[in-house]
Amino acid sequence: MTTGDRTGGIPVREEAHSAREAAEREGRELTETERAIAGAESFSPQEALARTELAEGQDLEPGFREPMIINLGPQHPSTHGVLRLVTQLDGEVVRDLHPVIGYLHTGIEKQCENKTYWQAITLVTRMDYLASFFNIHAYTMAVERLLDLPVPPRAQYLRVILSELNRVASHLVWLGTSGLELGAITVFFYTFREREQALDLFEMIAGDRMNTRFFQVGGCAEDMPPGFEARLRAFIEAMPARLDEYEELLSENPIWLQRTRGVGILPPDELVGLGVTGPALRAAGVDLDLRKAAPYSSYERFDFSVPLGARGDAYDRYIVRVRETRESLRIIEQALDGMPEGSHIADDRKVVLPPREELASSMEALIHHFKLVTEGFVVPAGETYTAVESPRGELGCYLVSDGGPKPHRCHIRDPSFVNLQALRPMARGGYLADLIAMIGSLDNVMGGVDR
Amino acid sequence: MSEVRAIVEGACPGAVVEAIEHRGELTLGIRADRLLEVARFAAAAPLAFALLSDLTCADFPELPGRFRVAYHLFSIEDGSRLRLRAWAGADSPELPSVVEVWPTANWHEREVYDMFGVHFRNHPDLCRILMPLDWEGHPLRRDYPLGGEEVEFTDAV
């Protein structure tokens, strides 16, 4: 790895230079990641080529030669967003890898501190954009717990329905794009066809296809519109046959098997140590699903199983996710069948907006509406951590209130951010081509990683 | 819940400075110099909080300790949670790193360092993670202005 001065060529060199300056300012050495980034940026393609040629002359085994440093990303079609991986390659073998993240960092947590509690819902939705209902769910649950505000059963059931529908949509995107990366293009067209129907259902109930703010503090913004239930039932009736279709395409497909079997295995205790949750952990046989382990929003009332894998490779993650999708459909059906009567939102006029029709006739409702929209509501001082099981694992919200109308601190523990840490130990010693399968199988959404 | 508190206090006498039960959640305030000891104890049996769900920080500029770092522990065995808290100090905020106990803390601590400037002693790779490596200042501090950043490319609009 050379860090000598050269001019021209690579536009990102400046960052490496200023990293060194910043470290000097703080009076410390460059850390491992900083060295890797700086090394990558002072390594030209010509140098890389020269090293490869040199290595070919010598008769060394793969894994013992001078590494070639390749920047994978930040813009690379298989990284599911803008993820940059500084990889040290020896031929096709990955010797080491440093994920560089932050390209989608938008400071949402900082902005939340400057918005009232109900305004911040709009922001947190946009973190993990494929699982927006889960973001709001974790956030609204945190606010509700600090307010000690019970959510009516009907609202809880509606939340379950939309969360599970969102899980289905998210897994469909994952399946389609992962297939696409490994050359199974057909699956992509199939899954996106069905995902479109799920998005149509979101649009029907919430008005938006993605990034809805349908969950409110205290419940849901609206009840189910007429015709929604019938359409949703038609969707969950059609889906199992569709899933069979995908499985027919992939489960015994020799190419799919060769690309995913035995790829990206880590022992279960190492995964737990690295904080990995969700399908990536369950594929390794660890039975951890927050819907069962720490039930919220009435999940204890539903009958569903948690699919587990045995080996913990990319193939098991695929199987776990497909089976999970089937379980989600079962949960939606149960929720529709057992939908409780009552209101879709709590009846607390200090927190919840009054019903629209009252605004025309009730002065009091108008005042409440005005106060809530302009000033927001006050949340008693305290702190809480609430977590939901998102399609990628534990999505938690740490909320600190100082007794004012704005959060003092709002932090989202995003499973994509945490799970991405496992990529490095997973990829070391594997092939570069498998690295793509591993990224796909972890299912990171960069909007959630960078927040 | 008070059992957990008693177990921790029994194993690490003097380390727990406060215990709060609020909304069904137990929070233990830990002295900064004893944090690593408590973390090691909590991760192993009998408490077995094997999973560190989250590690983050909140800034209270008006308080003497200023940076309050929270550790959210989760037990896979019984699904219970425990929050540990420690104050990092206002002038040169520093806490021991818990990476050796829970490897997942690596990126969380880098994020806290990046956003709050809290230094974690013995962290294997403490550098910025979300902001560019040469960034100055720590954006999630309360005294860091919102919108203080110039917006690029506005002249093209």
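The figures that follow rest on heavy atoms only: side chains count, while hydrogens, waters and symmetry mates do not. Note on naming: letters A, B, ... go to the chains in the order of the sequence lines (proteins, then strands), and numbering restarts at 1 for each one.
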Under 4.5 Å from any heavy atom of chain B, what part of [X] do you find: side chain, backbone, both or neither?
X	result
Ile101(A)	both
Pro380(A)	side chain
Leu290(A)	side chain
Leu271(A)	neither
Glu394(A)	side chain

Glu25(B) side-chain N/O to Tyr385(A) backbone N/O, donor-acceptor pair under 3.5 Å
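The answer is yes, because a donor-acceptor pair under 3.5 Å joins these two groups.
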
Using non-hydrogen atoms and a 4.5 Å limit, figure out which bit of [X] sits close to chain A: side chain, backbone, both or neither.
X	value
Asp59(B)	backbone
Arg141(B)	backbone
Ser75(B)	neither
Leu140(B)	both

For the interface with chain A, which of His22(B), Arg110(B), Arg81(B), His123(B) has the highest count of heavy-atom pairs at distances below 4.5 Å?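 Maximum pair count with chain A is reached by Arg81(B).
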
Please determine, among Pro124(B), Ser53(B), Ala50(B), the option with the most heavy-atom pairs under 4.5 Å with chain A.
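Of the candidates given, the most pairs with chain A belong to Ser53(B).
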
What are the two closest heavy atoms between [X] and [Y], and how far apart are they?
X	Y	result
Phe49(B)	Trp102(B)	O-NE1, 3.1 Å
Trp135(B)	Arg128(B)	O-NH2, 3.0 Å
Asp128(A)	Ser416(A)	OD2-OG, 4.4 Å

*Passes salt bridge (Lys or Arg N to Asp or Glu O under 4.0 Å), Glu21(B) versus Arg5(B)? Steps please.*
CA-CA 10 Å; Glu21(B) 276 191 53; Arg5(B) 175 189 175 181; over 6 Å; no

Give the C-alpha distance, both sets of side-chain angles, the deciding distance and a yes or no for salt bridge (Lys or Arg N to Asp or Glu O under 4.0 Å) between Arg409(A) and Glu383(A). CA-CA 9 Å; Arg409(A) 171 89 170 102; Glu383(A) 60 183 331; over 6 Å; no

State the NE2-NE2 distance between His411(A) and His72(B), to the nearest 0.5 angstrom.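 Here the rounded value is 8.5 Å.
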
Open item on the list: Between Val418(A), Val400(A), Thr384(A), Asp450(A), who has the most heavy-atom pairs with chain B when the cutoff is under 4.5 Å?
Closed with: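 Sorted descending by pairs with chain B, the first entry is Thr384(A).
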
Between Arg451(A), Glu270(A), Gln111(A), which has the largest tally of heavy atom pairs under 4.5 Å with chain B?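 Winner by heavy-atom pair count: Arg451(A).
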
### Task
Take Glu389(A) and Lys292(A) through the salt bridge (Lys or Arg N to Asp or Glu O under 4.0 Å) test and state the conclusion after the steps.
CA-CA 10 Å; Glu389(A) 183 71 29; Lys292(A) 291 271 190 198; over 6 Å; no

With under 30° as parallel and over 60° as perpendicular, where do the rings of His108(B) and Phe417(A) fit, or are they tilted in between?
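His108(B) and Phe417(A): tilted rings.
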
